[in-house]
**Q** 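Below is a structure I'd like to ask you about.
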Amino acid sequence: MQLTQDDIAQAMDAALSKLLAPVAEIEVLRRKEFLTEEEAAKLFSMSAATLKTKRCRGGGPSYIKDGGRVLYSRKSLQAYLEGKRVKTNEQP
């Protein structure tokens with residue numbers, strides 16, 4: 001069986017699409033203003049269970065509750081994480 005240039009191009013396109021899909025997903029999340037619990041967890045490398053636990057205990061980042069839906073502002077998540085920054089002796 002001989003591969004044609006079309007076959008090779010299609011295989012390369014499929015491989016690139018598969019490799020770049022996670023990058024594209026994160027880029028889409030970075031552009032959203034409000035994120036679901038799952039999206040926030042993905043974007044900020046946290047577990048959705050951690051966000052839920054913090055929310056139920058009255059801590060964690062601020063959120064919006066609309067019926068059964070919970071949304072996080074990307075900016076509030078960034079501010080929350082920045083507030084948790086620990087300075088070392090080496091930092092000014």
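Heads up: numbering here begins at 1 and tracks the sequence. Since this is a predicted model, take the numbers as computed values, not measurements.
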**Q** After noting the C-alpha distance and the side-chain angles of Glu39 and Lys42, does the key distance pass the salt bridge (charged side-chain N to carboxylate O under 4.0 Å, His left out) rule?
**A** CA-CA 5 Å; Glu39 291 170 337; Lys42 263 186 201 171; over 6 Å; no

**Q** My understanding is that a hydrophobic cluster links ILVMFWY residues whose side chain heavy atoms are under 4.5 Å apart, including indirect links. Using that, what else belongs to the cluster containing Tyr63?
**A** Ile26, Leu29, Leu35, Leu43, Phe44, Met46, Leu51, Val70, Tyr72, Leu77, Tyr80, Leu81

**Q** On a heavy-atom basis, which atom in Ser76 and which in Pro61 lie closest, and how many Å separate them?
**A** O-CB, 4.2 Å

**Q** Would you say Arg74's side chain and Lys32's backbone share a donor-acceptor pair under 3.5 angstrom?
**A** yes

**Q** So Lys75 and Glu33, salt bridge (charged side-chain N to carboxylate O under 4.0 Å, His left out) or not? Walk me through it.
**A** CA-CA 8 Å; Lys75 289 180 182 178; Glu33 185 176 349; over 6 Å; no

**Q** Is any side-chain N of the basic residue among Arg85 and Glu82 closer than 4.0 Å to the acidic one's carboxylate O?
**A** yes

**Q** Looking at every heavy atom in both Ser47 and Ala41, which two are closest together, and how far apart are they?
**A** C-CB, 3.9 Å

**Q** Which other residues end up in the same hydrophobic cluster as Phe34, if Ile, Leu, Val, Met, Phe, Trp and Tyr are linked when side-chain heavy atoms come under 4.5 Å apart?
**A** Ile64, Leu71

**Q** Are any non-hydrogen side-chain atoms of Arg55 and Lys65 less than 4.5 angstrom apart?
**A** no

**Q** Rounded to the nearest 0.5 Å, what separation is found between the CG atom of Asp13 and the NZ atom of Lys18?
**A** 15.0 Å

